[in-house]
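Numbering of residues begins at 1 and proceeds along the displayed sequence.
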Amino acid sequence: MQDLPDRRATYEDVLAVPPHMVAELLDGRLVTHPRPAPRPSVAASMLGVVLGGPFQLGAGGPGGWWVIFEPELHLGEDVLVPDLAGWRREQMPRLPETAWFDRAPDWACEVLSPSTRRHDKGEKRDIYARHGVRHLWHVDAAERLLETFELSGDQWLLLRTWRDDEEVAAPPFAVAPFKLGVLWAD
């Protein structure tokens, strides 16, 4: 993590970060971390595959979603890069022409790693709630688990923790269950 003393970080600070790093603005602070290691990267990629078919393409599911890997979100003064995010197409019929999204997603997913865990479970979760993201998932590839949350008022409600190879049927994607084990690089 990098802090800039005596001033709020800006988007120019994000752009100045080397491309091998992920940069975010969280409550006015520049936070950086390395790109994901292979196991978290595989977990995020496989989750995108599992959800993309039924929810983005409508293959074996209802369709009607955009499911996007590492979108850059501009939510007020905050700039976040979730591992995955999803928007209902009824809320966002077209993709923006910019390199970022200024509309909060309906769902965000963070794949926890040692370099991101504290921020993902701390200020990023708070920022998502503040901007009305309805559903949040935390994937932990090292522990082989998924925690699913739903926003209730301004607080996150833990719906369930899924482990190992359990069948997941979790909001907002409960209509197309999948085996959690497909996320783990074994």
Side-chain angles (χ1 to χ4, degrees), residues 1-4 7-11 13-14 22-33 36 40 43-44 47-48 51 55-56 62 64-96 98 100-141 143 145-163 166 168-176 180:
M1 181 185 90
Q2 178 179 350
D3 287 323
L4 299 172
R7 70 173 178 88
R8 292 182 67 80
T10 67
Y11 192 59
D13 297 314
V14 169
V22 176
E24 300 177 295
L25 294 178
L26 306 179
D27 293 325
R29 291 181 309 113
L30 178 66
V31 175
T32 63
H33 55 86
L47 185 57
L51 297 177
F55 294 97
Q56 183 155 326
W65 282 79
W66 298 108
V67 178
I68 300 175
F69 184 73
E70 289 189 348
E72 185 174 297
L73 308 178
H74 289 215
L75 305 177
E77 293 184 1
D78 298 302
V79 176
L80 298 90
V81 182
D83 292 291
L84 288 159
W87 290 261
R88 287 182 169 87
R89 288 188 189 199
E90 63 196 32
Q91 300 298 323
M92 187 175 70
R94 292 193 181 115
L95 293 173
T98 58
W100 63 85
F101 296 79
D102 58 9
R103 179 183 303 257
D106 297 291
W107 166 81
C109 178
E110 297 290 354
V111 179
L112 308 177
S113 67
S115 64
T116 66
R117 178 180 305 275
R118 189 181 85 190
H119 299 293
D120 291 343
K121 291 183 144 247
E123 60 260 76
K124 282 182 82 170
R125 187 164 46 186
D126 294 343
I127 292 166
Y128 289 137
R130 190 166 59 236
H131 290 280
V133 175
R134 300 295 308 152
H135 300 277
L136 176 64
W137 291 9
H138 285 162
V139 173
D140 189 326
E143 297 293 324
L145 64 84
L146 163 66
E147 294 177 314
T148 58
F149 300 89
E150 188 168 70
L151 192 60
S152 177
D154 62 352
Q155 299 294 313
W156 289 109
L157 173 65
L158 174 63
L159 298 177
R160 182 166 171 190
T161 300
W162 313 79
R163 289 182 166 65
E166 289 185 298
V168 175
F173 304 115
V175 298
L180 189 59

* Determine whether more than 12 heavy atoms belonging to other residues, nucleotides or ligands lie under 6.0 Å from atom CD of Q91. => yes

* State which residues pass salt bridge (charged side-chain N to carboxylate O under 4.0 Å, His left out) with D126; sequence neighbours excluded, sorted by chain then number. => none

* Between atom NZ of K124 and atom NE2 of H138, what is the distance when rounded to the nearest 0.5 Å? -> 8.5 Å

* Side chain of W66, backbone of M92: donor and acceptor closer than 3.5 Å? -> yes

* What are the two closest non-hydrogen atoms of D83 and V111, and how far apart are they? -> OD2-N, 2.7 Å

* Do H33 and S113 have side-chain heavy atoms sitting under 4.5 Å apart? -> no

* How long is the span from the NZ atom in K121 to the CD atom in E147, to the nearest 0.5 Å? -> 4.5 Å

* Asked: Side-chain contact, heavy-atom cut-off 4.5 Å: R103 with H131?
  -> no

* Asked: Can the ring centres of H135 and F173 be said to be less than 6.0 Å apart?
  -> no

* Asked: For I127, which of V79, L25, L26 qualifies under side-chain contact (heavy atoms from CB on, under 4.5 Å)?
  -> L26

* **Test item: L151 and Y128 side chains (from C-beta on) under 4.5 Å apart, heavy atoms** => no

* To do: Mind checking the CG-CG spacing from L145 to D140? Nearest 0.5 Å is all I need.
  => 5.0 Å

* Asked: Should T161 and E143 count as side-chain neighbours, where that means a heavy-atom distance under 4.5 Å?
  -> no

* If the plane angle is over 60° it's perpendicular, under 30° parallel, otherwise tilted; pick one for W107 and W137. => perpendicular

